[in-house]
Trainee: 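Structure below; questions to follow.
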Amino acid sequence: MNNVFPCLSNLNSALRLLGNVTLKSSTNKLTSRVQNFSNMANQGNIAEVIFKGTEDRFNGITVDSSKEHCSTDTFRKKLEDSLKSWISTQKRGIWFKVALEHSEWVPILVKKGFDFHHANNGFVMMYRWLPSTICGIPPFAHTMVAVGALVLNDKSEVLAVQEKHFITEHWKFPGGVVEPDENLINAAIREVKEETNIDCEFRSVVSMTHAPKGIAKFKSSLPGIKSAISDADFISIDCEFSGLTLDTTVNAFDTYEQFYNKLKRNINNFQVLQFGLGVFRYDEAIDAYKQKCYNFYIFPQPINRNVPDRRFICQASSMDFLAKHNFDFNKVFHKGITYLNKSEETTYKQTLDERQKNRAQSAANGNYTANPILIPDDDKEFVESTMNSIKTFLESDEDECLLPQCNSFRRRLIYQTTGERFRNKVNLETRKTDKREPAFYAMKPNCPEKLAEKERKKCEEELKEMEEAVGFSAVIQHIAESGKLVVGHNLCLDLLHTIDKFLSPLPDDYDEFKQCANCLLPSLLDTKYLASTPPLKELINNSLLASMLNIFKNEPFQRPTLEVEEDGQGYIINDKKEHEAGYDAFITGICFLTMASYLAKQEKVHVRDVISPHSKLLKPYLNKLFVLRLQDCPYINLSGKDPTPSRDHVLHVTFPKEWKTSELTQLFSPFGSIQVAWLTDTSAYVGLHKRDQAALALSTLSQSDTYKVISYTRHQSMLKTNLQVAPSPAARKKREPEMVTGPRPVKSRKRRIDVNNTGTTSRRVFETITEQPEEEPENIASKMAKMFDENSAWD
């Protein structure tokens, strides 16, 4: 451009040489103008007033710093003049390609409302949308393309490789990320050569898939999951937890209410880490069932201050158990899907509505706060300093200003004071950085239409954020709305967690819980209860999930072969991923189908007639939860009355702290064998095997200075009326000060046993004591197996 101006200067000299009088006046004017133009060019002020850039077909401008570079001071003025020109000429998207060596431009562009779009080696691309409409610039490409090669040799052997760096050891197809400007075919051939040094030839594309990760993957998959649930004939579920039991131990003779309250206390302290969902649909075309199975990692991410910052306990035995089964804890914490139950979602929505209402009211009042709060002395200096920054900003040519970082209380003080001093002159806004940290900005007011559009977009973003916070609960809520048959194995704990975490907080009252569960999920089936009830009980000698799967390989059962839906994901039995929730849900579905097929065969009907919430064959088993650790309560009936066993043979005994099981055995020896269910170191329930001896034992043992015996009914009545059970007379005497000679070591009578010969022990909830070998009660082994042991959790 500067090479043009010497020619213009020469023109001035040439005109002077003409000497034509008649043209002298005009020539002098032209000479004067050319001279001024030349002087301006020499000063660098013409043609550099605004950036030229390159105009695109969308009426936008792209400026390249490597082609139009200038100093920082010049850039500020030139950018401001350019923006005014572009706005007046109704340009739309403005792009700045800033080279690495010109990075000093970046903060100046940010202050003028530019944002980052993408970056590559050596440059960053920034943009600003000038119109007051919704930004029409699409986001940068966000999908990484990779290939995997299925390589076969002439023996039909498949080529597999192992990674050098891995979390869990595994085999995989060779493959990797497609390089820039590389097509998929060449990428696959190159990856095979790089990883195995084998030359291969491309034949065909086997399949293509799109696999976003974490919450993004969940959001994109949610419509398909909901559709699968709506089309399903039944659904199976399974959960993995951060722990199972606290110090509270379920007693063999607890009432249903006591059992529920202890489980509820446990559930409030532990977290669902993984949720398995199996969706099963009958396909008439092939006369068989198809399946889709999902394995979700769950983690309550604190997305914002409207989401509860949950606290939960990790039980060491549960963590060790999951780790031994290759549980990926990294996926839980990095990619786990968050959740809110309905109560939390309602609270979130109310808070959001109130915040939007306050923003609208504040904008209408010029950001003036009607009920200001007193500024504490410790905050006055900070507030005053911020007000000075805003005043300086308003006197500048900048469009916005980043204010000092502060906590939410100080931000409120800034909002309040700004409204008082700069009413209608400045707008304040809190934005989130890429690291989800709040950034506080002051901006000069825009036109009302632009402000309204900005508020509308902000409300939309807040609603999207709320949907993200609801997260996995959307799946469970859709299951509840569908009314589908929901199947689980040993379903009680899974159900309580599912309701509490994803639907509604568990009520305190047991009867309210039953009503709540029956209302939310009206069609439940526990395969452990089904397998433990005639006519299947006689055919299934072990109701653990793994054992049932093996039993169903043989007659009279016929284990179904399930195809994975064409557009879905699923498992096969040989995956052998026990204790992965998705796989366990899949196995639960197979076991249910096998038992349903057996019942259908006996009744000579089609299996589809059995698998329905309205099936007469399933009705006796619906909404009954198998109870694992209560001595004589086989199930919880969610849709009716629970079985009420007689406990007239059970006595409550208090005794000295030094007593062991042998003392209780000796005390009750005249009345036959007993079962001991320990409550504390000085009390226990004692169940008589000879029930008709209970009244005699109570009358005979009711008078003693060493121990105290009362009936089970009386003890439960005292608990309901909050009456304290009196300790044994001997215990009372030992509590008198003059009898205390020093601390005694505590001896526990809760013996530990190895239930499954695994080398580990579990707390013994009750013990069976026999007076003579021939009087030993039947099924003691099965009673012992009912007690909890971490190694038999796949039940």
Trainee: Tell me if a side-chain donor or acceptor on Thr347 pairs with a main-chain N or O of Ser343 at a distance below 3.5 Å.
Mentor: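 Looks like yes, one N/O pair under 3.5 Å.
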Trainee: Does the ring centre of Tyr583 sit less than 6.0 Å away from the ring centre of Tyr571?
Mentor: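 Yes, close enough.
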Trainee: Which atom pair, heavy atoms only, marks the closest approach of Lys292 to Ala228?
Mentor: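 Taking every non-hydrogen atom into account, CD-CB, 4.0 Å.
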Trainee: Could you tell me whether a side-chain N or O of Asp575 sits under 3.5 Å from a main-chain N or O of Lys577, the two making a donor and an acceptor?
Mentor: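 No: the side chain of Asp575 does not pair with the backbone of Lys577.
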Trainee: In chain order, what residues pass the ring pair (Phe, Tyr, Trp, His ring centres under 6.0 Å) check against Tyr621, with sequence neighbours excluded?
Mentor: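 Residues passing ring pair (Phe, Tyr, Trp, His ring centres under 6.0 Å) with Tyr621: none at all.
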Trainee: Tell me yes or no: between the side chains of Asn153 and Glu157, is some donor less than 3.5 Å from an acceptor?
Mentor: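 Yes, a side-chain donor-acceptor pair sits under 3.5 Å.
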Trainee: Looking at Tyr529 versus Phe626, is the centre-to-centre ring distance below 6.0 Å?
Mentor: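 No; Phe626 has its ring centre 6.0 Å or more from that of Tyr529.
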Trainee: May I ask you to decide if Lys290's main-chain N or O and Asp283's side chain share a donor-acceptor pair within less than 3.5 Å?
Mentor: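 No.
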Trainee: Is there a donor-acceptor pair closer than 3.5 Å between any side-chain N or O of Asp231 and the backbone N or O of Arg281?
Mentor: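 Checking the backbone N and O of Arg281 against the side chain of Asp231, no donor-acceptor pair under 3.5 Å is found.
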Trainee: For the residue pair Tyr348 / Asn304, report whether a side-chain donor-acceptor contact shorter than 3.5 Å exists.
Mentor: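 The answer is yes; a qualifying pair exists.
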Trainee: Could you give all pairs that pass the side chain to side chain donor-acceptor pair (under 3.5 Å) test and reach residues 587-598, with sequence neighbours left out?
Mentor: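 Matches after skipping sequence neighbours: none remain.
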Trainee: Less than 6.0 angstrom separating the ring centers of His579 and Phe321, yes or no?
Mentor: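 Close enough - the centres of the two rings lie under 6.0 Å apart.
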Trainee: Any side-chain donor paired with an acceptor under 3.5 Å for Lys342 and Ser504?
Mentor: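 No, no side-chain donor-acceptor contact under 3.5 Å.
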Trainee: Looking at Gln315 and Leu244, would you say the former's side chain and the latter's main chain have a donor-acceptor pair under 3.5 Å?
Mentor: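 Here the side-chain-to-backbone pair exists.
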Trainee: Hydrogens and angles aside, do Tyr339 and Glu344 bring a side-chain donor and acceptor to less than 3.5 Å of each other?
Mentor: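 No - no donor-acceptor pair under 3.5 Å links their side chains.
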Trainee: Compute the centroid of each ring, for Phe299 and then for Phe333, and state whether the two points are separated by less than 6.0 Å.
Mentor: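 When the ring centroids of Phe299 and Phe333 are compared, they turn out to be within the sub-6.0 Å range.
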Trainee: Would you say that Asn550 contacts Ser547 through its side chain, given a criterion of any heavy-atom pair below 4.5 Å between the two side chains?
Mentor: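 No. Closest side-chain heavy atoms not under 4.5 Å.
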Trainee: In this structure, is the centre-to-centre distance between the rings of Phe234 and Phe280 below 6.0 Å?
Mentor: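 Distance test on ring centres: under 6.0 Å, yes.
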Trainee: Quick one about Asn197 and Lys193 (side-chain donor to acceptor, distance below 3.5 Å, no hydrogens or angles considered), yes or no?
Mentor: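 Present: a donor and an acceptor within the cut-off.
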Trainee: Which residue is it: Asp494, Thr527, Asp526, Asp238? I am looking for the one with a side-chain hydrogen bond (donor to acceptor under 3.5 Å, both in side chains) to His489.
Mentor: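 The single option meeting the side-chain hydrogen bond (donor to acceptor under 3.5 Å, both in side chains) with His489 is Thr527.
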